[in-house]
Protein chains: 2
Amino acid sequence: MTRPVRKDALRNYQRLLETAEHAFTAHGTHAPLEQIARDAGVGIGTLYRHFPNRDALLAALLQERWIDQAALAEKLHEEDGDPVEALRTWLTAVARGTLLYRDLPDACLRLMSDPESEMHRAWKQVRDGGDRLLERARRVGGVRSDVTTVEMFALVHGAIAALHKSAAHHPGTVSDASRMIDLLIDGIAAPTAPRHPST
Amino acid sequence: MTRPVRKDALRNYQRLLETAEHAFTAHGTHAPLEQIARDAGVGIGTLYRHFPNRDALLAALLQERWIDQAALAEKLHEEDGDPVEALRTWLTAVARGTLLYRDLPDACLRLMSDPESEMHRAWKQVRDGGDRLLERARRVGGVRSDVTTVEMFALVHGAIAALHKSAAHHPGTVSDASRMIDLLIDGIAAPTAPRHPST
DNA sequence: TTGCGATCCGGAGGGTTCCTCCGTATCGTA
DNA sequence: TACGATACGGAGGAACCCTCCGGATCGCAA
(Lines give C-alpha, C1' and ligand atoms only; values in the text may rest on other atoms or scores of the structure.)
Protein backbone atom coordinates (compact mmCIF):
# COMPACT_ATOMS: atom_id res chain seq x y z
CA MET A 1 0.00 0.00 0.00
CA THR A 2 1.04 3.58 -0.58
CA ARG A 3 1.36 6.14 2.19
CA PRO A 4 -0.86 9.18 2.29
CA VAL A 5 0.59 12.44 0.97
CA ARG A 6 2.51 14.44 3.53
CA LYS A 7 0.52 17.40 4.65
CA ASP A 8 3.22 19.99 3.88
CA ALA A 9 3.24 18.66 0.35
CA LEU A 10 -0.51 18.99 0.11
CA ARG A 11 -0.45 22.51 1.48
CA ASN A 12 2.20 23.59 -1.02
CA TYR A 13 0.30 21.97 -3.86
CA GLN A 14 -2.81 23.95 -3.05
CA ARG A 15 -0.97 27.20 -2.53
CA LEU A 16 0.70 26.79 -5.89
CA LEU A 17 -2.64 26.26 -7.59
CA GLU A 18 -4.17 29.36 -6.03
CA THR A 19 -1.16 31.51 -6.80
CA ALA A 20 -0.99 30.26 -10.37
CA GLU A 21 -4.65 31.06 -10.87
CA HIS A 22 -4.01 34.66 -9.83
CA ALA A 23 -0.85 34.97 -11.88
CA PHE A 24 -2.46 33.58 -15.03
CA THR A 25 -5.46 35.85 -14.59
CA ALA A 26 -3.26 38.90 -14.17
CA HIS A 27 -0.52 38.16 -16.69
CA GLY A 28 -1.73 35.41 -18.98
CA THR A 29 -0.60 31.82 -19.33
CA HIS A 30 3.02 32.90 -19.83
CA ALA A 31 3.41 34.30 -16.34
CA PRO A 32 6.90 33.35 -15.04
CA LEU A 33 6.79 30.17 -13.01
CA GLU A 34 9.57 31.42 -10.73
CA GLN A 35 7.35 34.32 -9.74
CA ILE A 36 4.48 31.97 -9.00
CA ALA A 37 6.71 29.83 -6.80
CA ARG A 38 7.95 32.90 -4.95
CA ASP A 39 4.46 34.28 -4.44
CA ALA A 40 3.34 30.91 -3.15
CA GLY A 41 6.17 31.02 -0.61
CA VAL A 42 7.79 27.96 -2.10
CA GLY A 43 11.03 27.12 -3.88
CA ILE A 44 11.08 26.70 -7.63
CA GLY A 45 12.06 23.08 -7.19
CA THR A 46 8.87 22.42 -5.28
CA LEU A 47 6.80 23.86 -8.09
CA TYR A 48 8.49 21.62 -10.61
CA ARG A 49 8.09 18.54 -8.47
CA HIS A 50 4.35 19.01 -8.24
CA PHE A 51 3.95 20.18 -11.84
CA PRO A 52 6.64 18.97 -14.23
CA ASN A 53 5.92 21.79 -16.66
CA ARG A 54 3.66 24.73 -17.35
CA ASP A 55 1.06 22.63 -19.09
CA ALA A 56 0.70 20.34 -16.10
CA LEU A 57 -0.05 23.36 -13.94
CA LEU A 58 -2.53 24.69 -16.46
CA ALA A 59 -4.10 21.28 -16.77
CA ALA A 60 -4.68 21.07 -13.04
CA LEU A 61 -6.46 24.43 -13.20
CA LEU A 62 -8.54 23.58 -16.24
CA GLN A 63 -9.55 20.03 -15.45
CA GLU A 64 -12.50 21.03 -13.35
CA ARG A 65 -13.77 23.55 -15.88
CA TRP A 66 -13.57 21.09 -18.72
CA ILE A 67 -15.58 18.58 -16.76
CA ASP A 68 -18.12 21.33 -16.14
CA GLN A 69 -18.28 21.96 -19.86
CA ALA A 70 -18.92 18.29 -20.50
CA ALA A 71 -21.64 18.34 -17.86
CA LEU A 72 -23.26 21.38 -19.44
CA ALA A 73 -23.36 19.61 -22.78
CA GLU A 74 -25.02 16.67 -21.11
CA LYS A 75 -27.56 18.90 -19.41
CA LEU A 76 -28.41 20.75 -22.61
CA HIS A 77 -28.72 17.47 -24.41
CA GLU A 78 -31.25 16.16 -21.95
CA GLU A 79 -33.27 19.35 -21.68
CA ASP A 80 -34.43 18.68 -25.19
CA GLY A 81 -34.79 22.30 -26.35
CA ASP A 82 -34.00 23.67 -29.77
CA PRO A 83 -30.88 21.75 -30.86
CA VAL A 84 -29.24 24.67 -32.61
CA GLU A 85 -29.87 26.99 -29.69
CA ALA A 86 -28.42 24.36 -27.38
CA LEU A 87 -25.29 24.24 -29.50
CA ARG A 88 -25.08 28.01 -29.47
CA THR A 89 -25.48 28.15 -25.69
CA TRP A 90 -22.82 25.54 -25.21
CA LEU A 91 -20.27 27.09 -27.55
CA THR A 92 -20.80 30.45 -25.88
CA ALA A 93 -20.03 28.88 -22.52
CA VAL A 94 -16.95 27.23 -23.98
CA ALA A 95 -15.83 30.55 -25.39
CA ARG A 96 -16.30 32.28 -22.08
CA GLY A 97 -14.20 29.60 -20.44
CA THR A 98 -11.33 30.25 -22.79
CA LEU A 99 -11.42 34.00 -22.21
CA LEU A 100 -10.18 33.47 -18.64
CA TYR A 101 -6.47 34.03 -19.17
CA ARG A 102 -4.63 35.69 -21.99
CA ASP A 103 -3.28 33.06 -24.42
CA LEU A 104 -5.44 30.39 -22.88
CA PRO A 105 -6.95 29.41 -26.24
CA ASP A 106 -3.50 28.48 -27.53
CA ALA A 107 -2.87 26.39 -24.46
CA CYS A 108 -6.24 24.68 -24.78
CA LEU A 109 -5.58 23.73 -28.37
CA ARG A 110 -2.22 22.34 -27.33
CA LEU A 111 -3.64 20.33 -24.45
CA MET A 112 -6.54 19.08 -26.53
CA SER A 113 -4.51 17.73 -29.37
CA ASP A 114 -1.78 16.12 -27.28
CA PRO A 115 -2.69 12.51 -26.59
CA GLU A 116 -0.01 12.34 -23.90
CA SER A 117 -1.62 15.13 -21.93
CA GLU A 118 -3.22 14.34 -18.61
CA MET A 119 -6.11 16.38 -19.89
CA HIS A 120 -6.92 13.85 -22.50
CA ARG A 121 -9.61 12.12 -20.49
CA ALA A 122 -11.37 15.38 -19.62
CA TRP A 123 -11.06 16.52 -23.20
CA LYS A 124 -12.60 13.30 -24.39
CA GLN A 125 -15.61 13.94 -22.19
CA VAL A 126 -15.96 17.44 -23.59
CA ARG A 127 -15.70 16.17 -27.12
CA ASP A 128 -18.28 13.47 -26.50
CA GLY A 129 -20.65 16.11 -25.15
CA GLY A 130 -20.06 18.25 -28.20
CA ASP A 131 -20.58 15.29 -30.48
CA ARG A 132 -23.96 14.59 -28.97
CA LEU A 133 -25.13 18.19 -29.28
CA LEU A 134 -23.82 18.39 -32.81
CA GLU A 135 -25.41 15.13 -33.82
CA ARG A 136 -28.79 16.19 -32.50
CA ALA A 137 -28.60 19.53 -34.31
CA ARG A 138 -27.61 17.69 -37.45
CA ARG A 139 -30.64 15.41 -37.26
CA VAL A 140 -33.00 18.37 -37.39
CA GLY A 141 -31.02 19.75 -40.31
CA GLY A 142 -29.77 22.68 -38.28
CA VAL A 143 -26.12 22.09 -38.97
CA ARG A 144 -24.04 21.34 -42.02
CA SER A 145 -23.16 17.71 -42.20
CA ASP A 146 -19.42 17.99 -42.63
CA VAL A 147 -18.38 19.84 -39.51
CA THR A 148 -16.85 18.09 -36.50
CA THR A 149 -16.64 18.93 -32.82
CA VAL A 150 -12.90 19.29 -33.13
CA GLU A 151 -13.32 21.83 -35.88
CA MET A 152 -15.88 23.75 -33.91
CA PHE A 153 -13.41 23.94 -31.05
CA ALA A 154 -10.61 25.02 -33.33
CA LEU A 155 -12.75 27.80 -34.77
CA VAL A 156 -14.03 29.04 -31.44
CA HIS A 157 -10.65 28.97 -29.75
CA GLY A 158 -9.01 30.48 -32.79
CA ALA A 159 -11.51 33.32 -32.81
CA ILE A 160 -11.02 34.03 -29.12
CA ALA A 161 -7.27 33.95 -29.49
CA ALA A 162 -7.46 36.38 -32.38
CA LEU A 163 -9.71 38.61 -30.32
CA HIS A 164 -7.23 38.62 -27.47
CA LYS A 165 -4.38 39.48 -29.76
CA SER A 166 -6.19 42.26 -31.54
CA ALA A 167 -7.44 43.56 -28.23
CA ALA A 168 -3.88 44.12 -27.07
CA HIS A 169 -3.93 47.46 -28.84
CA HIS A 170 -7.67 48.04 -29.02
CA PRO A 171 -8.95 47.18 -25.56
CA GLY A 172 -12.60 46.58 -25.07
CA THR A 173 -12.97 44.35 -28.09
CA VAL A 174 -13.37 41.34 -25.88
CA SER A 175 -17.07 42.03 -25.57
CA ASP A 176 -17.31 41.23 -29.26
CA ALA A 177 -16.78 37.59 -28.45
CA SER A 178 -20.44 36.70 -28.55
CA ARG A 179 -20.85 38.30 -31.97
CA MET A 180 -17.99 36.18 -33.26
CA ILE A 181 -19.59 33.09 -31.85
CA ASP A 182 -22.86 33.98 -33.52
CA LEU A 183 -21.03 34.33 -36.77
CA LEU A 184 -19.35 30.98 -36.35
CA ILE A 185 -22.58 29.27 -35.44
CA ASP A 186 -24.25 30.73 -38.48
CA GLY A 187 -21.45 29.26 -40.56
CA ILE A 188 -21.74 25.91 -38.85
CA ALA A 189 -25.48 26.02 -39.15
CA ALA A 190 -25.51 26.94 -42.80
CA PRO A 191 -26.47 24.24 -45.29
CA THR A 192 -23.46 22.52 -46.74
CA ALA A 193 -23.45 24.36 -50.05
CA PRO A 194 -25.26 27.54 -49.16
CA ARG A 195 -24.41 29.86 -51.98
CA HIS A 196 -25.97 27.79 -54.75
CA PRO A 197 -29.26 26.85 -53.08
CA SER A 198 -30.30 24.47 -55.79
CA THR A 199 -31.98 21.33 -54.35
CA MET B 1 21.82 65.27 -48.67
CA THR B 2 22.22 61.81 -47.17
CA ARG B 3 24.91 59.42 -48.28
CA PRO B 4 24.04 56.20 -50.06
CA VAL B 5 24.00 53.01 -47.99
CA ARG B 6 27.34 51.31 -47.76
CA LYS B 7 27.44 48.26 -49.93
CA ASP B 8 28.52 45.87 -47.19
CA ALA B 9 25.50 47.03 -45.22
CA LEU B 10 23.20 46.37 -48.15
CA ARG B 11 24.69 42.94 -48.73
CA ASN B 12 24.23 41.97 -45.09
CA TYR B 13 20.69 43.28 -45.11
CA GLN B 14 19.76 41.11 -48.04
CA ARG B 15 21.53 38.04 -46.69
CA LEU B 16 19.67 38.42 -43.43
CA LEU B 17 16.33 38.59 -45.22
CA GLU B 18 17.04 35.46 -47.24
CA THR B 19 18.30 33.53 -44.25
CA ALA B 20 15.36 34.60 -42.11
CA GLU B 21 12.95 33.47 -44.80
CA HIS B 22 14.50 30.00 -44.74
CA ALA B 23 14.62 29.84 -40.96
CA PHE B 24 11.01 30.92 -40.53
CA THR B 25 9.88 28.45 -43.15
CA ALA B 26 11.74 25.62 -41.47
CA HIS B 27 11.17 26.46 -37.82
CA GLY B 28 8.35 28.98 -37.61
CA THR B 29 8.38 32.62 -36.63
CA HIS B 30 10.13 31.83 -33.34
CA ALA B 31 13.34 30.65 -34.95
CA PRO B 32 16.29 31.96 -32.87
CA LEU B 33 17.61 35.23 -34.24
CA GLU B 34 21.16 34.34 -33.24
CA GLN B 35 20.99 31.31 -35.49
CA ILE B 36 19.75 33.45 -38.35
CA ALA B 37 22.61 35.88 -37.86
CA ARG B 38 25.12 33.04 -37.78
CA ASP B 39 23.68 31.38 -40.88
CA ALA B 40 23.80 34.71 -42.65
CA GLY B 41 27.49 34.96 -41.77
CA VAL B 42 26.90 38.05 -39.71
CA GLY B 43 27.19 39.09 -36.08
CA ILE B 44 24.12 39.32 -33.90
CA GLY B 45 24.70 43.04 -33.49
CA THR B 46 24.40 43.51 -37.23
CA LEU B 47 21.07 41.76 -37.28
CA TYR B 48 19.74 44.00 -34.54
CA ARG B 49 21.00 47.14 -36.22
CA HIS B 50 19.11 46.35 -39.40
CA PHE B 51 16.04 44.98 -37.63
CA PRO B 52 15.49 46.29 -34.11
CA ASN B 53 13.34 43.30 -33.19
CA ARG B 54 11.77 40.14 -34.53
CA ASP B 55 8.68 41.92 -35.76
CA ALA B 56 10.71 44.31 -37.86
CA LEU B 57 12.33 41.35 -39.59
CA LEU B 58 8.98 39.68 -40.13
CA ALA B 59 7.53 42.95 -41.38
CA ALA B 60 10.24 43.29 -44.00
CA LEU B 61 9.41 39.78 -45.22
CA LEU B 62 5.65 40.30 -45.23
CA GLN B 63 5.41 43.77 -46.66
CA GLU B 64 5.51 42.60 -50.24
CA ARG B 65 2.96 39.86 -49.69
CA TRP B 66 0.55 42.20 -48.02
CA ILE B 67 0.76 44.60 -50.89
CA ASP B 68 0.07 41.68 -53.21
CA GLN B 69 -3.02 40.86 -51.18
CA ALA B 70 -4.24 44.43 -51.50
CA ALA B 71 -3.63 44.26 -55.23
CA LEU B 72 -5.57 41.02 -55.50
CA ALA B 73 -8.51 42.64 -53.74
CA GLU B 74 -8.36 45.49 -56.20
CA LYS B 75 -8.23 43.13 -59.14
CA LEU B 76 -11.17 41.08 -57.90
CA HIS B 77 -13.09 44.23 -57.27
CA GLU B 78 -12.63 45.43 -60.81
CA GLU B 79 -13.30 42.09 -62.45
CA ASP B 80 -16.88 42.50 -61.42
CA GLY B 81 -17.76 38.83 -60.88
CA ASP B 82 -19.99 37.38 -58.18
CA PRO B 83 -19.23 39.52 -55.11
CA VAL B 84 -19.46 36.68 -52.60
CA GLU B 85 -17.28 34.45 -54.72
CA ALA B 86 -14.77 37.29 -55.00
CA LEU B 87 -14.71 37.58 -51.23
CA ARG B 88 -14.22 33.85 -50.91
CA THR B 89 -11.38 33.84 -53.40
CA TRP B 90 -9.67 36.68 -51.65
CA LEU B 91 -9.99 35.26 -48.14
CA THR B 92 -8.65 31.95 -49.39
CA ALA B 93 -5.60 33.71 -50.77
CA VAL B 94 -5.16 35.55 -47.49
CA ALA B 95 -5.39 32.29 -45.61
CA ARG B 96 -2.81 30.67 -47.83
CA GLY B 97 -0.48 33.60 -47.19
CA THR B 98 -0.71 33.08 -43.46
CA LEU B 99 0.05 29.38 -43.72
CA LEU B 100 3.62 30.18 -44.77
CA TYR B 101 5.37 29.91 -41.42
CA ARG B 102 4.28 28.28 -38.23
CA ASP B 103 2.82 30.87 -35.85
CA LEU B 104 2.59 33.44 -38.60
CA PRO B 105 -1.11 34.12 -37.93
CA ASP B 106 -0.27 35.27 -34.41
CA ALA B 107 2.40 37.56 -35.74
CA CYS B 108 0.08 38.96 -38.40
CA LEU B 109 -2.57 39.79 -35.84
CA ARG B 110 0.07 41.51 -33.74
CA LEU B 111 1.44 43.54 -36.64
CA MET B 112 -2.03 44.43 -37.87
CA SER B 113 -3.29 45.83 -34.65
CA ASP B 114 -0.18 47.75 -33.68
CA PRO B 115 -0.46 51.30 -34.99
CA GLU B 116 3.26 51.83 -34.35
CA SER B 117 4.18 49.00 -36.66
CA GLU B 118 5.94 49.81 -39.90
CA MET B 119 3.43 47.48 -41.47
CA HIS B 120 0.61 49.81 -40.74
CA ARG B 121 0.57 51.40 -44.18
CA ALA B 122 0.56 48.03 -45.95
CA TRP B 123 -2.09 46.75 -43.60
CA LYS B 124 -4.20 49.80 -44.32
CA GLN B 125 -4.07 48.97 -48.02
CA VAL B 126 -5.11 45.40 -47.33
CA ARG B 127 -7.94 46.54 -45.14
CA ASP B 128 -9.14 49.02 -47.73
CA GLY B 129 -9.18 46.26 -50.32
CA GLY B 130 -11.15 44.03 -47.98
CA ASP B 131 -13.56 46.84 -47.22
CA ARG B 132 -14.31 47.32 -50.88
CA LEU B 133 -14.95 43.62 -51.49
CA LEU B 134 -17.05 43.39 -48.37
CA GLU B 135 -19.07 46.46 -49.25
CA ARG B 136 -19.83 45.18 -52.71
CA ALA B 137 -20.93 41.80 -51.34
CA ARG B 138 -23.08 43.59 -48.82
CA ARG B 139 -24.84 45.60 -51.51
CA VAL B 140 -26.06 42.45 -53.21
CA GLY B 141 -27.19 41.12 -49.85
CA GLY B 142 -24.58 38.39 -49.85
CA VAL B 143 -23.10 39.27 -46.50
CA ARG B 144 -24.46 40.11 -43.07
CA SER B 145 -24.35 43.81 -42.45
CA ASP B 146 -22.54 43.83 -39.15
CA VAL B 147 -19.27 42.14 -40.00
CA THR B 148 -16.07 44.13 -40.58
CA THR B 149 -12.89 43.45 -42.50
CA VAL B 150 -10.96 43.40 -39.25
CA GLU B 151 -13.25 40.72 -37.89
CA MET B 152 -12.94 38.67 -41.04
CA PHE B 153 -9.19 38.81 -40.66
CA ALA B 154 -9.35 37.86 -37.03
CA LEU B 155 -11.53 34.87 -37.83
CA VAL B 156 -9.44 33.66 -40.75
CA HIS B 157 -6.13 34.09 -38.95
CA GLY B 158 -7.55 32.59 -35.80
CA ALA B 159 -8.75 29.56 -37.70
CA ILE B 160 -5.41 29.06 -39.41
CA ALA B 161 -3.58 29.43 -36.13
CA ALA B 162 -5.84 26.86 -34.52
CA LEU B 163 -5.25 24.56 -37.44
CA HIS B 164 -1.50 24.87 -37.06
CA LYS B 165 -1.68 24.16 -33.37
CA SER B 166 -3.93 21.17 -33.71
CA ALA B 167 -1.83 19.92 -36.58
CA ALA B 168 1.21 19.72 -34.31
CA HIS B 169 0.00 16.32 -33.18
CA HIS B 170 -2.24 15.42 -36.10
CA PRO B 171 -0.23 16.33 -39.17
CA GLY B 172 -1.99 16.64 -42.47
CA THR B 173 -4.85 18.69 -41.15
CA VAL B 174 -3.54 21.76 -42.88
CA SER B 175 -5.31 20.76 -46.05
CA ASP B 176 -8.55 21.37 -44.17
CA ALA B 177 -7.89 25.09 -44.37
CA SER B 178 -10.17 25.66 -47.31
CA ARG B 179 -13.06 23.89 -45.59
CA MET B 180 -12.63 26.18 -42.60
CA ILE B 181 -12.67 29.20 -44.87
CA ASP B 182 -15.85 27.97 -46.49
CA LEU B 183 -17.42 27.62 -43.10
CA LEU B 184 -16.39 31.12 -42.14
CA ILE B 185 -17.67 32.58 -45.35
CA ASP B 186 -20.97 30.87 -44.86
CA GLY B 187 -21.15 32.49 -41.44
CA ILE B 188 -20.22 35.87 -42.81
CA ALA B 189 -22.71 35.45 -45.59
CA ALA B 190 -25.58 34.43 -43.33
CA PRO B 191 -28.37 36.92 -42.71
CA THR B 192 -27.66 39.30 -39.88
CA ALA B 193 -29.99 38.18 -37.13
CA PRO B 194 -31.36 34.87 -38.26
CA ARG B 195 -33.16 33.62 -35.17
CA HIS B 196 -34.21 36.68 -33.13
CA PRO B 197 -35.26 39.19 -35.80
CA SER B 198 -36.28 41.72 -33.13
CA THR B 199 -35.28 45.09 -34.51
C1' DT C 1 8.75 10.73 23.48
C1' DT C 2 12.24 9.56 20.55
C1' DG C 3 14.51 7.74 16.56
C1' DC C 4 14.83 6.89 11.81
C1' DG C 5 13.49 6.02 7.16
C1' DA C 6 10.71 7.93 3.67
C1' DT C 7 9.37 11.97 1.74
C1' DC C 8 9.71 16.58 0.45
C1' DC C 9 12.00 21.17 0.16
C1' DG C 10 15.09 24.84 -1.61
C1' DG C 11 17.80 27.24 -4.57
C1' DA C 12 22.26 27.06 -6.95
C1' DG C 13 23.46 26.58 -11.48
C1' DG C 14 23.62 25.33 -16.46
C1' DG C 15 21.17 26.15 -20.73
C1' DT C 16 18.65 29.10 -24.07
C1' DT C 17 17.25 33.26 -26.07
C1' DC C 18 16.82 38.18 -26.12
C1' DC C 19 18.87 42.60 -26.77
C1' DT C 20 22.48 46.44 -25.75
C1' DC C 21 26.79 48.54 -25.94
C1' DC C 22 31.06 50.03 -27.57
C1' DG C 23 35.84 49.11 -29.23
C1' DT C 24 37.33 47.89 -33.76
C1' DA C 25 37.21 47.31 -38.73
C1' DT C 26 35.71 48.74 -43.22
C1' DC C 27 34.14 51.90 -46.63
C1' DG C 28 34.34 55.72 -49.76
C1' DT C 29 35.38 60.37 -50.55
C1' DA C 30 38.56 64.34 -50.77
C1' DT D 1 46.42 57.97 -49.22
C1' DA D 2 44.28 59.56 -45.24
C1' DC D 3 40.44 60.39 -42.46
C1' DG D 4 35.73 60.82 -41.00
C1' DA D 5 31.55 58.43 -41.39
C1' DT D 6 29.49 54.19 -41.24
C1' DA D 7 28.92 49.52 -40.08
C1' DC D 8 30.55 45.24 -37.77
C1' DG D 9 31.11 41.76 -34.04
C1' DG D 10 30.49 39.50 -30.02
C1' DA D 11 30.93 39.90 -24.95
C1' DG D 12 27.76 40.20 -21.43
C1' DG D 13 23.61 41.33 -18.58
C1' DA D 14 18.86 40.04 -18.05
C1' DA D 15 14.86 36.96 -18.11
C1' DC D 16 13.22 32.54 -18.05
C1' DC D 17 13.39 27.46 -18.13
C1' DC D 18 14.33 23.23 -15.82
C1' DT D 19 17.45 19.77 -13.18
C1' DC D 20 19.77 18.03 -9.41
C1' DC D 21 20.96 16.77 -4.85
C1' DG D 22 22.30 18.01 0.05
C1' DG D 23 19.62 18.98 3.75
C1' DA D 24 15.23 19.72 6.29
C1' DT D 25 10.80 17.80 7.64
C1' DC D 26 7.35 14.50 8.45
C1' DG D 27 5.10 10.71 10.62
C1' DC D 28 5.14 5.90 11.95
C1' DA D 29 6.96 2.49 15.18
C1' DA D 30 8.88 1.37 19.29
Side-chain angles (χ1 to χ4, degrees), chain A residues 1-20 22-24 26-61 101-103 106-107 110-111 114 116-118, chain B residues 1-20 22-24 26-61 101-103 106-107 110-111 114 116-118:
Chain A
M1 63 163 284
T2 167
R3 295 192 174 202
V5 190
R6 261 170 58 171
K7 74 176 176 206
D8 54 342
L10 183 61
R11 174 172 46 80
N12 286 336
Y13 179 88
Q14 288 169 336
R15 276 193 192 164
L16 281 167
L17 275 188
E18 291 164 19
T19 311
H22 290 148
F24 290 160
H27 308 110
T29 61
H30 292 108
L33 298 184
E34 319 222 80
Q35 182 76 51
I36 292 175
R38 218 174 309 132
D39 291 353
V42 141
I44 184 64
T46 299
L47 186 150
Y48 275 96
R49 196 166 340 91
H50 286 299
F51 308 99
N53 52 48
R54 182 181 299 273
D55 277 353
L57 185 49
L58 264 172
L61 285 170
Y101 321 130
R102 185 154 40 87
D103 290 325
D106 293 353
R110 198 172 51 240
L111 291 170
D114 179 5
E116 306 301 315
S117 162
E118 345 210 336
Chain B
M1 63 164 282
T2 166
R3 295 192 173 204
V5 190
R6 259 169 60 171
K7 75 177 177 208
D8 54 343
L10 183 61
R11 175 173 45 81
N12 286 336
Y13 179 88
Q14 287 169 337
R15 275 193 190 163
L16 280 168
L17 275 187
E18 290 165 20
T19 312
H22 290 147
F24 290 160
H27 307 112
T29 62
H30 293 109
L33 297 183
E34 319 224 80
Q35 181 77 51
I36 292 175
R38 218 174 309 131
D39 290 353
V42 141
I44 184 64
T46 298
L47 186 151
Y48 275 97
R49 196 167 337 93
H50 285 299
F51 308 99
N53 51 50
R54 183 181 299 273
D55 277 353
L57 185 49
L58 264 173
L61 285 170
Y101 321 130
R102 186 153 40 86
D103 290 327
D106 292 353
R110 199 172 52 240
L111 291 170
D114 179 5
E116 305 301 315
S117 162
E118 346 211 335

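In what follows, chains are A, B, ... by sequence order, proteins preceding strands, each numbered from 1.
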* Structure fact -> 5'-most contact on DNA chain C (nearest-nucleotide basis), B/Pro32 vs A/Ala9, goes to A/Ala9
* Asked: Taking the nucleotide of DNA chain C with the closest heavy atom to each, which residue, A/Glu34 or B/Leu33, is nearer the 5' end?
  -> A/Glu34
Give the rounded distance in Å between these two atoms: [atom1] of [X] and [atom2] of [N].
{"X": "A/His30", "N": "D/dC18", "atom1": "NE2", "atom2": "P", "result": "11 Å"}
{"X": "B/Tyr13", "N": "D/dC8", "atom1": "OH", "atom2": "P", "result": "13 Å"}
{"X": "B/Leu16", "N": "D/dA7", "atom1": "CG", "atom2": "C1'", "result": "13 Å"}
{"X": "B/Arg38", "N": "C/dC19", "atom1": "CZ", "atom2": "P", "result": "16 Å"}
{"X": "A/Ile36", "N": "D/dC17", "atom1": "CD1", "atom2": "P", "result": "9 Å"}

* Asked: Using a cut-off of less than 4.0 Å, is there contact between a side-chain N or O of A/Asn12 and OP1 or OP2 of C/dC8?
  -> no
Enumerate, atom names and distances included, each donor-acceptor pair closer than 3.5 Å involving a side-chain atom of residues 27-50 of chain B, sequence neighbours excluded.
from, atom 1, to, atom 2, distance (Å)
B/His30, ND1, B/Asp103, OD2, 3.1
B/Gln35, NE2, B/Asp39, OD1, 3.1

* Asked: Excluding sequence neighbours, so at least two apart, what forms side chain to side chain donor-acceptor pair (under 3.5 Å) with A/Asp55?
  -> A/Arg110
* Asked: Which residue pairs pass the salt bridge (Lys or Arg N to Asp or Glu O under 4.0 Å) test when at least one of the two sits in residues 4-16 of chain A, sequence neighbours left out?
  -> A/Arg6-A/Asp8
* Using heavy atoms and a sub-4.0 Å distance, could you list which residues of residues 42-57 of chain A are near DNA chain C? By number, please. => A/Val42, A/Gly43, A/Ile44, A/Gly45, A/Thr46, A/Arg49, A/His50
* For every nucleotide of nucleotides 25-30 of chain C, 5' to 3': is a protein heavy atom under 4.0 Å from its base (B), only from its sugar-phosphate (S), or from neither (-)? -> -BSS--
* Contacts of type side chain to side chain contact (heavy atoms under 4.5 Å, CB included), residue B/Leu17, not counting sequence neighbours -> B/Tyr13, B/Phe51, B/Leu57, B/Ala60, B/Leu61
